[in-house]
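One structure is given below, encoded as structure tokens.
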2 protein chains.
Amino acid sequence: LCSITVGYRKRSIDLELLRQKIVNEGDLIHPDIVKVDMFLNHQLDIDLLDEMGKEFYRIFKDCSITKILTIESSGIAIACFAAKYFSVPVVFAKKGSNRNIGPDTYTTEIFSFTKASTYTAIVSKKYLSSDDRVLIIDDFLANGKALTGLLEIVKQSGAEVCGVGIAIEKAFQPGGKALRDAGVRIESLAKIESISDGTIVFSE
Amino acid sequence: LCSITVGYRKRSIDLELLRQKIVNEGDLIHPDIVKVDMFLNHQLDIDLLDEMGKEFYRIFKDCSITKILTIESSGIAIACFAAKYFSVPVVFAKKGSNRNIGPDTYTTEIFSFTKASTYTAIVSKKYLSSDDRVLIIDDFLANGKALTGLLEIVKQSGAEVCGVGIAIEKAFQPGGKALRDAGVRIESLAKIESISDGTIVFSE
């Protein structure tokens, strides 16, 4: 058991590496939008995702999580690696109203600023119930619309939200503050305080 | 190193377990459609996915794979677990023409029988090049339209397709045979020979 033990004693995540990747590999496609297709939203850096999953486990391991909830597509990979450490299933909310997942669903409407339109997020009632203790995981938190939708879905199920794990939070947008003020425990691995003149500043 | 070695010596995947899950947890929503939302397409059974990833590694480990290509959303989880064993990045093709992934893309049109409509699959040129040796991974193979689209994207990139790993193949539909006849190496973990009167029969 020696090697495994040593493995788990390693520092859980090199948050500095995540920050460096955001700075070095992110594309500033708009004054306040950083695109991280290189490692999180199109190409996936597996070792980084695994470290992020491990870090979410370190943070929430005492919460008796029974299920991880995310939303397709970019949340799935991080949620999967976290779920491996928690030994619980992932459920991903599906987007779009015409998805054939049966009649018994929790649904909510989510406004996407990126696409300037509203979509429906759906979870089958089979996979989330009042017995569940849920960790929500997603890639980005900015205005908080997707997260608010996922919280609404958990509320409909009667399950308890034990926490929220976010890869990258844009702290200069209102979602994180508003939801924390409402009592939601949100842990973000990288918090961007500001983006100006091509420079990304992180919160401590 | 003893424990890790023992771990890797374990049988790579219990294919019988995958079959049992298809039979016991799959929903026959149509005479020839089995829905596996319980463990693969909506809720994700992480240990099973990890075993599937390990099995794809066992099959293709000598192919010098440099990248795993899949398509959102249901291929992402399997691809990620496989990628962990191969130590290579995943790239997932995005669906829809209005996705903001830059001007330099490989694109192809894919017809979906499930939705009876055509969508565009896109991969940024940044993440696939002629140097790559690609393993394509997807959840289902039936008519082969999605897989044909992914093969077309790899062809546009100049990369080499070393193989295709599929979780569940519906062998009574024409995709697998046609693409194997065209010379593509396809390995499916569960091959469904027929579905009739609610009974699923697997190929040996």
Any donor-acceptor pair under 3.5 Å from Lys94(B) side chain to Asn41(A) backbone: yes

Can any side-chain N or O of His42(A) pair as donor or acceptor with the backbone N or O of Phe92(B) at less than 3.5 Å? yes

Test item: Lys84(A) and Asp47(B) side chains (from C-beta on) under 4.5 Å apart, heavy atoms: yes

Residues 126-147 of chain A: residues contacting chain B (heavy atom under 4.5 Å, by number): Lys126(A), Tyr127(A)

Nearest 0.5 Å, please: how far is CD1 in Ile76(A) from OG in Ser74(B)? 6.5 Å

Is there a side chain to side chain contact (heavy atoms under 4.5 Å, CB included) between Ser124(A) and Asp37(B) once you walk through the steps? CA-CA 9 Å; Ser124(A) 167; Asp37(B) 279 6; 5.8 Å; no

Which pairs pass ring-ring contact (aromatic ring centres under 6.0 Å, His included) with one or both residues in residues 49-80 of chain B, sequence neighbours excluded? Tyr57(B)-Phe86(B)

Nearest 0.5 Å, what's the CG-CD1 distance between Leu44(B) and Ile68(A)? 10.5 Å

In terms of heavy-atom contacts, Ala83(B) and Ile46(A) come closest through CB-CG1, 3.5 Å

Side chain from CB out, backbone as N, CA, C, O: work out which of these in Val123(B) comes under 4.5 Å of a heavy atom of chain A, or both, or neither. both

